[in-house]
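Okay, structure first, notes after.
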Number of protein chains: 2
Amino acid sequence: MTTASAVKTNNVEEQAKKARKAAKTLSILTTEEKNEALHTVADDLETGYESILAANMADLKNGKENGFEEAYMDRLSLTKERVFEFAAGLRQVAELPDPVGDVMSGWTLDNGLKVEEVRVPLGVIGMIYEARPNVTADAAGLALKSGNAIVLKGGSSALNSNQAIVEIIHGALEKTKIPKEAVQFIATADREAAMQLFTMKEHIDVLIPRGGASLIKAVVENATVPVLETGVGNCHIYVDKEANPEKAINILVNAKTDRPAVCNAAETLIVHEAWLNQHKDLLAEALKKHGITVHGDKAAAKALPNVVPVSESDWANEYLSLDLAVKTVDSLEQAIDHIDRYGTKHSEAIITENGETAKRFMQLTDAAALYHNASTRFTDGGALGFGAEIGISTQKLHARGPMGLPALTTRKYLMSGNGQIR
Amino acid sequence: MTTASAVKTNNVEEQAKKARKAAKTLSILTTEEKNEALHTVADDLETGYESILAANMADLKNGKENGFEEAYMDRLSLTKERVFEFAAGLRQVAELPDPVGDVMSGWTLDNGLKVEEVRVPLGVIGMIYEARPNVTADAAGLALKSGNAIVLKGGSSALNSNQAIVEIIHGALEKTKIPKEAVQFIATADREAAMQLFTMKEHIDVLIPRGGASLIKAVVENATVPVLETGVGNCHIYVDKEANPEKAINILVNAKTDRPAVCNAAETLIVHEAWLNQHKDLLAEALKKHGITVHGDKAAAKALPNVVPVSESDWANEYLSLDLAVKTVDSLEQAIDHIDRYGTKHSEAIITENGETAKRFMQLTDAAALYHNASTRFTDGGALGFGAEIGISTQKLHARGPMGLPALTTRKYLMSGNGQIR
């Protein structure tokens, strides 16, 4: 079967070249042709779910033998419902507006030369990711809709699941206008294969790493292909001296406990000493009620019960758990300095009833998303109304914050003349 | 004198830290405050031109002793008029719209959370460039107007000229709201200093290399700081079988000879064999008249006189001279394949009277600027009406084509609520 053999090849450069070639065909398909293909893939994922679950069983068995943690096994594990969610996700992507072909601006020079700035696909996306097999379907869907080919390198622990998903995608694409070569899957557990992508500038236009901090760091530090950096979020809630206690505590609890393992969860409470001293009992009660472990500085330890002494690494790391670092300050400037030093430029919130203080915080703090009196949990493509997202950019170039389809495009300037010279 | 000592320090990291600090102050200045500062710098460059010329004399003397080529010496050489052009350039930048603070989009979620996407400065720009001392003033002006601090590392051969320019900038900024630390100059000929900037992710937000291909390659391959790649242009003119001969020859001659040393000049003529055979005498006459040396393939050598046999390197390199590579093809697809293989994604032109052929060329060719019946020479911030440019991006992420002030900005999402949680 050609599909299976295509999936199993290990020659990364060959695969990237095939993706490049397919990208050209894909780049000029109509929105309807792309949407139709996404629906076909969605249908086939549903009808073929059993083969995905069988492959997933093999991955889970390997994971168990390797003694993976429960949380990790949970991320790896698929059910019929989860596979149907992939399909639903693809249908949602089909509904999103197609960014390709958008005329972003246009004008005519005095000499009659017409200029149009038009959105076009990036070309070939290299996606390097960890355990969750849903990324395979999600990323492929977003790439195809935006007219891009994609080279997928998933984590070794999900190799069978990812491969089964890609086989279904390939089978479905054969029935559509999108060449199946537009989705390349590097079917090996070998890390070397991912590293080959790092420098393949000729064939890959952008690398998107999705996973833990160490994966992202490895890509950013070693890739010569441009990178869209995603995901690491060491988010702070700054409770100002003029914070409304109810709002402050509700927001803190939500940002910390709603989904502690995600990147827009809060990791550190920065609290004005005056506010802390006034509202310490209320705060202590809420922290206790929600099972939050406080790692605090001296002033926090004085005001709150059961405080674990904080260490330097507490300020810098994402806990991704019900742990919370607490830093006390006596000015807005100290709060901003702390965020400058330890933040990851993802999402930062201030709770205050003083509009001027909020404005200053939002102006002077350097992050993708700044919140006044709201939870950091809203930094999410779905929550903000962007539709599906390929990740949350914590870098400043190209895209910042949740990245929807337009982040997977670039532009061309198209100039039409009748002989104009300079 | 503090100015001189600040200029002379060699501790690159210290300088980058100072720039980071100054960037924060600069980021919240008003447009008026920034424009006033640019005018002050412009005035002081004019009144202080003699000190710049004296420093330039020292550079020219060193250059002569080191046996630099004439073209290189010309780029290095300053006159009173050139210095006054720097000043005029800064005044033009002051006239440009300020991108900072632009609300790019805004909406309100169902829960009442207000979202605004606002343009903000990138922060600290690292500029690594070669001989032309005008870059010192131009880049500083564009950075400051867009609210960014800048760390300048110019070429060693222009060290004295650049330093004299920066001393005047510093003296002028002391009279304004912009902290003079916002312009840092690395006053050493040491290449090691530039390389320190490559990995200074904490302090530098983006590196912009301006100069020859080898400088740009060194930055792209070694920097972990994000790079805005500029400038290398191996541009092609494709003369289709349905090209109007007069337009084709006018455009080719203009693109090749108007300014052969710039990146938007044409380096290769790709010509349809049928057209070539029909119009070879006209073409030969024009090439001869304009002193163009042809490096051609076999079919070109058969059709045209005095053809130097072409080698693989001719297809790939920028001549930046009156040399022209000539490739004959017998289809549009062959032309696009050639550009895919050797182009630098800068500017590519098709000459044809067939609108469908032109459309296909512009869709399938991957470059920042695509031209139909016009010269590639228009890929230029000034010519396209962008105002001053910091360079021409040949990459796909963040900015593509001529980069004006908006390319030096990023965005923040500002969320204002009254206690919203998820």
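Residue numbers begin at 1 in each chain, while the letters A, B, ... track the order of the sequences.
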Options [options], ranked by heavy-atom pairs under 4.5 Å with chain B, top entry:
options	value
Thr199(A), Asp340(A), Thr409(A), Thr376(A)	Asp340(A)
Glu221(A), Gln363(A), Arg400(A), Lys345(A)	Arg400(A)
Gly385(A), Ala399(A), Ala383(A)	Ala383(A)
Ser347(A), Ala407(A), Ala367(A)	Ala367(A)

Give a yes or no on this: more than 12 heavy atoms of other residues, nucleotides or ligands lie within 6.0 Å of atom [atom1] of [X].
X	atom1	value
Glu353(A)	CD	yes
Glu333(B)	CD	yes
Glu202(B)	CD	no

Proximal component of [X], with respect to chain B [non-hydrogen, under 4.5 Å]:
X	answer
Asp110(A)	neither
Glu117(A)	neither
Asn264(A)	side chain
Ala369(A)	both
Val120(A)	side chain
Ile336(A)	side chain
Ile421(A)	both
Leu113(A)	side chain

Contacting moiety of [X], where chain A heavy atoms sit under 4.5 Å:
X	result
Asn222(B)	neither
Lys201(B)	side chain
Ile351(B)	neither
Asn244(B)	neither
Leu122(B)	both

Would you indicate whether the side-chain heavy atoms of [Y] and [X] approach each other to under 4.5 Å?
X	Y	value
Thr379(B)	Tyr413(A)	no
Ser416(A)	Met362(B)	yes
Phe378(B)	Asn111(A)	yes

If you count heavy-atom pairs within less than 4.5 Å of chain A, which of [options] leads?
options	answer
His372(B), Lys412(B), Lys247(B)	Lys412(B)
Val118(B), Asp380(B), Val253(B), Val115(B)	Asp380(B)
Asp366(B), Asp258(B), Leu364(B), Asn250(B)	Leu364(B)

With distance as the sole test, does [X] use its side chain to make a donor-acceptor pair with the main-chain N or O of [Y] at under 3.5 Å?
X	Y	value
Asn148(A)	Gly123(A)	yes
Gln420(B)	Asn418(B)	yes
Asn254(B)	Arg422(A)	yes
Thr352(A)	Ala358(A)	no

### Query
How far apart are the C-alpha atoms of His346(A) and Ile392(A), what are their side-chain angles, what is the distance that settles it, and do they pass the side chain to side chain contact (heavy atoms under 4.5 Å, CB included) test?
CA-CA 8 Å; His346(A) 190 296; Ile392(A) 294 173; 3.5 Å; yes
### Task
From the options Ile339(B), Ile350(B), Leu332(B), select the one residue that forms a side chain to side chain contact (heavy atoms under 4.5 Å, CB included) with Thr365(B).
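Testing Thr365(B) for a side chain to side chain contact (heavy atoms under 4.5 Å, CB included) against Ile339(B), Ile350(B), Leu332(B) leaves exactly one candidate, Ile339(B).
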